[in-house]
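Have a look at the structure below before the remarks.
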There are 2 protein chains.
Amino acid sequence: MGHERATLADVARRAGLSKTAASMVLNGREGTRLSAEAHQRVFAAAEELGYRPNVAARSLRTRKTATIAFVSDIVATTRFAGGLIRGALDAARERDHVLLITETQGDATFERYAIEAILDRQVDGVIYAAMATRRLAVPPAILGGSVVLLNATSPESLPCVLPDDEGAGAMVAETLLAHGHRDRIALIGRNRPKERDPEISLAADARLRGIRATLAAAGVSLLAEGFCPEWLPEHGYAAMRTLLDRPTRPTAVICMNDRLAFGAYQALGEAGLTIPDDLSVISFDDDPIAAWLRPGLSTAALPHEQMGRRAVEVLLDGGAGGASFVPMPLRRRRSVAAPAG
Amino acid sequence: MGHERATLADVARRAGLSKTAASMVLNGREGTRLSAEAHQRVFAAAEELGYRPNVAARSLRTRKTATIAFVSDIVATTRFAGGLIRGALDAARERDHVLLITETQGDATFERYAIEAILDRQVDGVIYAAMATRRLAVPPAILGGSVVLLNATSPESLPCVLPDDEGAGAMVAETLLAHGHRDRIALIGRNRPKERDPEISLAADARLRGIRATLAAAGVSLLAEGFCPEWLPEHGYAAMRTLLDRPTRPTAVICMNDRLAFGAYQALGEAGLTIPDDLSVISFDDDPIAAWLRPGLSTAALPHEQMGRRAVEVLLDGGAGGASFVPMPLRRRRSVAAPAG
DNA sequence: CCACGTCGCTAAACTGATTTAGCAGAGCAT
DNA sequence: ATGCTCTGCTAAATCAGTTTAGCGACGTGG
């Protein structure tokens with residue numbers, strides 16, 4: 001921009017009308033009695049001057065900023081965040097809004113700071129996101145405005161957007177059943193009650209619920225449940241090894257996420273077993289690594305983009321009050337086959 | 001916030017002073033002749049009322065918004081973006097600024113839209129980020145304000161922040177030399193000239209430059225250069241296999257990034273070779289997967305957080321005019337050892 | 001005693017939009 | 001001629017700050 005920006009007053013002057021008229025025309029106000037000719041003159045003037053309203057001035061008066069705050073505990077930095085943000089960004093753009101991003105890093109001071117920055121800027125709404133599905137304490141200061149929780153729930157029963165982990169669990173179990181697996185399906189990644197990480201337990205519980213219910217409906221129950229303190233490859237590796245030491249080897253293994261599955265792949269590789277011929281593996285998340293593994297890992301994808309998108313929709317279009325579940329589509333790759341023999 | 005926010009006028013009234021006085025005190029203006037007592041009264045009043053200035057009103061007058069736009073072609077969605085954003089977020093917070101995030105997705109319409117949104121909001125500066133180091137066409141509209149390129153360069157010779165790929169190349173080569181590797185060092189991931197992907201070629205060239213220069217200084221040259229159309233695991237896998245088919249097997253392999261290295265690991269695993277006993281592997285990026293591989297992959301880390309941070313620093317603190325290189329630290333894990341026998 | 005400078009502070013303008021209140025003129029009925 | 005409504009438009013207030021210009025009191029030197 002070399003020269004100054006045109007203001008509403010410039011537009012009005014050029015159109016030979018008042019600022020009031022120009023404002024009303026440009027905002028498409030109903031019920032105004034301005035002539036068709038006045039409309040045309042204003043539009044023409046605005047066009048010629050390349051007029052764009054000054055957001056600060058407008059929001060000073062209207063208290064609307066066309067801005068959404070995206071507050072996350074620690075999301076923005078993780079791989080999982082990317083999709084959430086991208087989806088939110090897309091949906092926001094479609095509604096002429098913009099995203100202000102903040103991270104609390106789980107630190108109370110940073111959180112307070114972030115909330116203040118948000119309140120100072122009078123954002124139109126807040127998306128409060130958590131890195132992993134969990135229960136969140138929402139700072140009361142932002143409860144005044146509209147808030148949507150993303151990948152989290154809260155005691156305040158605010159609207160929230162969650163992945164349909166239970167449905168995904170059902171689908172995963174269904175898939176194994178459909179391939180003919182029955183009594184020798186094992187699971188890797190259940191948390192020991194004492195070690196339950198609040199950050200993953202909600203997702204874990206829901207997935208497990210879906211799995212168990214579906215298997216039970218087919219008269220099947222899990223052969224074994226490998227416990228893992230966390231969901232990292234090394235834990236999947238260890239769990240897989242102990243699983244292989246058992247007298248009856250499973251025909252299929254459900255991993256609670258792709259990192260565990262990666263560890264399981266490593267253990268199977270070392271044991272000289274082939275996926276899916278000797279053993280099928282299926283998992284959750286659709287981490288990029290799932291596509292890179294050999295063979296590709298079948299997994300129920302966390303629909304990050306859809307979730308980010310939905311959060312904005314609920315916030316701006318005023319969706320349902322309660323929880324909004326986004327389906328987790330199954331990515332079918334080569335890691336699942338019929339059991340040997 | 002149950003009740004209304006206090007305004008400057010409220011503070012002034014409570015302090016028994018004018019808005020002017022309150023404004024000057026709170027902004028710490030030098031050269032004003034307000035008494036020490038006046039200062040105290042204003043501070044006390046502001047404190048008691050929990051006063052926070054209205055950003056819209058302030059920026060209407062000052063044309064400063066304490067907001068930085070983070071525009072990326074496609075960054076925000078990728079894993080690489082996370083660190084950039086997080087670093088920028090931290091540095092921005094330290095300077096009482098906030099980040100407005102936008103994505104162009106490489107689409108001209110989206111880009112125009114993003115630029116307009118940014119100009120409308122009168123951001124104080126723009127960080128223009130690219131997903132992979134490359135040359136970028138900066139839209140002229142934002143050249144009026146201050147711009148910093150992140151992970152990209154441009155013909156306009158704007159200030160930019162880049163990873164020190166050449167230094168990393170040198171360090172990687174140095175590391176192999178230090179372990180005793182000499183004439184049997186191979187490379188995976190060079191691009192064929194025709195297939196050069198503009199998105200990665202800059203980084204690739206710099207890394208290669210560093211590698212070659214360091215080896216040359218030791219009187220060594222690369223045993224072989226495995227070409228790869230892209231930098232994905234499958235290409236690393238293929239390149240490693242053809243490398244193993246050669247008469248003289250390398251003692252060490254440099255992969256141009258961790259995904260290629262992952263593919264190389266897979267090929268080595270299938271060939272029954274052990275890392276690092278039979279062959280050392282070293283790489284670039286420090287993708288999360290590098291830590292998950294068995295053995296852990298030694299790799300020169302892309303310092304995303306530092307880069308994001310530096311971008312904000314250059315933008316706000318007015319750093320050097322030219323390019324600012326951020327060192328890539330080597331993450332030493334277990335994939336490098338002395339050559340066998 | 002007056003001119004002048006300094007001190008401590010304030011009134012009012014200003015930023016660029018939205019919104020309220022209301023004005024002038026035309027048309028119509030009485 | 002008067003009162004009424006309706007039409008098409010505008011003046012001015014408002015949002016919450018920052019900034020400019022300047023006012024009254026006091027001290028001082030001539």
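From a predicted model like this one, the values you see are computed outputs, not experimental measurements. Chain letters run A, B, ... following the sequence lines, proteins first and then strands; every chain starts at 1.
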Does A:Ser35 reach a base, just sugar-phosphate, or nothing at all? Heavy atoms under 4.0 Å. sugar-phosphate
Sugar-phosphate only, base, or nothing, as touched by A:Thr20 at under 4.0 Å among non-hydrogen atoms: base
Less than 4.0 angstrom between a side-chain N/O of B:Arg5 and OP1 or OP2 of D:dA16, yes or no? no
Is there a side-chain contact between B:Arg58 and the phosphate of C:dT15, meaning an N or O under 4.0 Å from OP1 or OP2? no
Side chain of [X]: nearest nucleotide among [options]?
X       : options                : value
A:Ser23 : C:dA17, C:dT18, D:dT19 : C:dT18
B:Ser18 : C:dG16, C:dT10, C:dA17 : C:dT10
B:Leu17 : C:dT10, D:dT18, D:dA16 : C:dT10
B:Ala38 : C:dC9, D:dC9, C:dG16   : C:dC9

Distance in angstrom units between [X] [atom1] and [N] [atom2], rounded:
X        : N      : atom1 : atom2 : result
B:Leu49  : D:dA16 : CG    : C1'   : 15 Å
A:Tyr51  : C:dT18 : OH    : C1'   : 10 Å
A:Arg41  : D:dG8  : CZ    : P     : 14 Å
A:Leu60  : D:dT14 : CG    : P     : 13 Å
A:Arg121 : D:dG17 : CZ    : P     : 14 Å
B:Arg63  : C:dG16 : CZ    : C1'   : 9 Å
A:Asn27  : C:dT19 : CG    : C1'   : 11 Å
A:Asp10  : C:dA17 : CG    : P     : 8 Å

Report the residue (A:Met24 or B:Thr7) whose heavy-atom-nearest nucleotide on DNA chain D is the more 5′ of the two. A:Met24
Quick one: on DNA chain D, does B:Arg33 or B:Asn54 contact a more 5' nucleotide (nearest heavy atom)? B:Asn54
Residues pairing under salt bridge (charged side-chain N to carboxylate O under 4.0 Å, His left out) where one sits in residues 105-115 of chain A, two or more places apart or in two chains, turn out to be none
Are B:Asp90 and B:Arg95 within salt-bridge range, i.e. N to O under 4.0 Å? no
Sequence neighbours excluded, the answer for salt bridge (Lys or Arg N to Asp or Glu O under 4.0 Å) partners of B:Arg121 is none
Hey, does the side chain of A:Arg29 reach the backbone of A:Met24 with a donor-acceptor pair shorter than 3.5 angstrom? no
A:Arg93 NZ/CZ over B:Phe110 ring centroid, <6.0 Å and within 45° of normal: yes
Looking at B:Lys19 and D:dG17, is any side-chain donor or acceptor paired with a base atom of the opposite kind under 3.5 Å? yes
Answer with yes or no whether B:Arg61 presents, from its side chain, a donor or acceptor under 3.5 Å of a partner atom in the base of C:dT15. no
